[in-house]
Amino acid sequence: MGFLLTALFLSLFVLFFHQTNAEDLNLFGNNATTTATNTSSYSVRKLAGRCNLFRGKWVYDASYPLYDPSTCPFIDPQFNCQKYGRPDSLYQKYRWQPFSCSIPRFNALDFLAKYKGKKIMFVGDSLSLNQFNSLACMIHSLVPKTRTTFTKNGALSTVTFQDYSLQLFLYRTAYLVDLDHEQIGKVLKIDSIKSGDAWRGMNVLVFNTWHWWTHTGVAQPWDYIQEGKKVYKDMNRFIAFYKGLTTWARWVNINVNPAQTKVFFVGISPVHYEGRDWNQPTRSCKSETQPFFGLKYPAGTPMAWVVVNKVLSRIKKPVYFLDVTTLSQYRKDAHPEGYSGVMETDCSHWCLPGLPDTWNVLLHATLFG
């Protein structure tokens, strides 16, 4: 009976996806920015007290950016847009301003004082790399003479600020769940997480996934999807995402001690390949130099956002939702475009300095709130 109910729910879930805009689903109450009704989960409003940090606007700030990319040794080439010839820099000058409060400016010295001897890990895909690089640069900018080390071993990268015994980790995993090489090929196991042992012992865990769930054809890194003993050639991607995130939520419930570890989940990071998303159908992120300044982004809320909210509403351990989706949708100007050391046209990652710095400002505000 339980299996039949689950199958029915997921079937209706897909039906809604094909027929309805995410903002109209009303699966999570009337407030589209509230993530959870479960008292053990943390909604956006609980996250920020009386202020919703994620409803606001982008404002010009002459004091930005928060660091000089030419002096930061931790920026991956694919994010270093100025190094690879981007002619404009206005995209670096925007600060996120919530409507009902102000966010404290990032202070690396305060951050280092509070998190001296601590371990912070980003877990996810290349967007986690984006955020990992950003935080390392934000800290380094105010203590440029402090001793640092960088190491990389397989999926794990580490930046250590030695004088403060602060370690920043990045664990690269596109799906959070396992991608294994089997005799039949590469298998995405949506009910299995074996790499989670590497995530233990952290003071802060910052998770992210979605980017790779949409890939098909030659860009798809797996041949089959497996759940239990059943193997599928393909699966509706929203259903697969829901099942994979549910597996991650189960891992959090079993393995995280909230007294020792704060857990964050970063909202869906949007792409800007199709200008129709902001009512300019002939454009993409190429040559965009200003954010979208309207209050309602024309493309609406991504369906994957609904999946994340659904899973977070059911998780038993506290998870802080960094709901950066809408504020990131506005930043059609902030991608590497053609100024990347890796991709010919990149409208999915973000230049550094740039948008991920704001994600970390919000992370900082939450940790210190």
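Predicted model, so just to flag it, every value in this text is computed and none were measured.
- Annotation: the span from L352 atom CG to C81 atom SG amounts to 7.5 Å, rounded to 0.5 Å.
- For N257, the CG atom counts as densely surrounded, since its 6.0 Å shell holds more than 12 non-hydrogen atoms of other residues, nucleotides or ligands.
- Taking OG1 of T151 as the reference point, atom CD of Q167 lies at 8.5 Å (rounded to 0.5 Å).
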### Task
Before giving the answer on ring-ring contact (aromatic ring centres under 6.0 Å, His included), spell out for F207 and F264 the whole-Å C-alpha distance, their side-chain angles and the decisive distance to 0.1 Å.
CA-CA 6 Å; F207 291 97; F264 292 81; over 10 Å; no
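- Atom CD of residue E288 and atom CG of residue D333 lie 7.5 Å apart, to the nearest 0.5 angstrom.
- Considering NZ of K114 and CG of N107, their distance stands at 12.5 Å, rounded to 0.5 Å.
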### Message
Quick one, D234 with R237, criterion salt bridge (Lys or Arg N to Asp or Glu O under 4.0 Å). Give me CA distance, side-chain angles, the key distance, then yes/no.
### Response
CA-CA 8 Å; D234 204 350; R237 300 310 171 86; 3.1 Å; yes
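- In this structure a side-chain-to-backbone donor-acceptor pair under 3.5 Å is present from T214 to H211.
- The cationic atom of K233 (NZ for Lys, CZ for Arg) lies less than 6.0 Å from the six-membered ring centre of Y224 and within 45° of the ring axis.
- F111 is linked by a ring-ring contact (aromatic ring centres under 6.0 Å, His included) to F106, Y115, counting only residues two or more places apart in sequence or in another chain.
- Note on V59 and W359: separate hydrophobic clusters, where clusters join Ile, Leu, Val, Met, Phe, Trp and Tyr whose side-chain heavy atoms are under 4.5 Å apart, directly or indirectly.
- A donor and an acceptor atom, one from each side chain of S63 and R105, are located under 3.5 Å apart.
- Looking at every heavy atom in both residues, K152 comes nearest to S157 through CG-OG, 3.5 Å.
- Applying the side chain to side chain contact (heavy atoms under 4.5 Å, CB included) test to T209 and every residue at least two apart in sequence or in another chain returns L176, W213, F241, L245, F265.
- Nearest heavy-atom pair across A304 and I268 is CB-CD1, 3.7 Å.
- Qualifying ring-ring contact (aromatic ring centres under 6.0 Å, His included) partners for F79, counting only residues two or more places apart in sequence or in other chains: H349.
- Q78 and D346 are not linked by any side-chain donor-acceptor pair at a separation below 3.5 angstrom, with hydrogens and angles left out of the test.
- Cation-pi geometry between R86 and Y91 is satisfied (NZ or CZ under 6.0 Å from the ring centre, within 45° of the ring normal).
- The minimum heavy-atom distance linking N133 with D76 is given by the pair OD1-N, 2.9 Å.
- Residues in residues 144-176 take part in no disulfide (SG to SG under 2.5 Å) pair, two or more places apart or across chains.
- Evaluated for a ring pair (Phe, Tyr, Trp, His ring centres under 6.0 Å) with W210, the options F238, W305, W248 yield exactly one hit, F238.
- Screening T247, D178, D180 against S192 for a side chain to side chain donor-acceptor pair (under 3.5 Å) leaves a single residue, D178.
- Taking the ring centre of W58 as origin, the terminal cationic atom of R95 falls outside the region bounded by 6.0 Å and 45° from the ring axis.
- For the ring pair (Phe, Tyr, Trp, His ring centres under 6.0 Å) test with H140, the passing option among F74, Y164, F161 is F74; the others fail.
- By the neighbour-count criterion of 12 heavy atoms within 6.0 Å, atom NZ of K93 is densely surrounded, having more than that number from other residues, nucleotides or ligands.
- The nearest pair of heavy atoms linking V206 to Q131 is CG1-OE1, 4.1 Å.
- Geometrically, K57 does not engage F293 in a cation-pi contact defined by less than 6.0 Å to the ring centre and at most 45° from the axis.
- Between E337 and S287, the shortest heavy-atom distance links the atoms OE1-N, 3.2 Å.
- When the shell of 6.0 Å around CZ of R200 is examined, it contains more than 12 heavy atoms from other residues, nucleotides or ligands.
- The distance from atom CG of D125 to atom OH of Y175, rounded to the nearest 0.5 Å, is 9.5 Å.
- Other cluster members for M343: V271, Y273, V342, joined by side-chain heavy-atom distances under 4.5 Å among Ile, Leu, Val, Met, Phe, Trp and Tyr.
- Closest non-hydrogen pair, A240 versus I190, comes out as O-CG2, 4.2 Å.
- Shown here is K83, whose NZ atom has no more than 12 heavy atoms of other residues, nucleotides or ligands within 6.0 Å.
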### F122 and L205: CA distance, side-chain angles, deciding distance, side chain to side chain contact (heavy atoms under 4.5 Å, CB included) verdict
CA-CA 6 Å; F122 296 89; L205 285 168; over 6 Å; no
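- Listed by chain and residue number, F99 satisfy the side chain to side chain contact (heavy atoms under 4.5 Å, CB included) test with L295 (two or more places apart in sequence, or in another chain).
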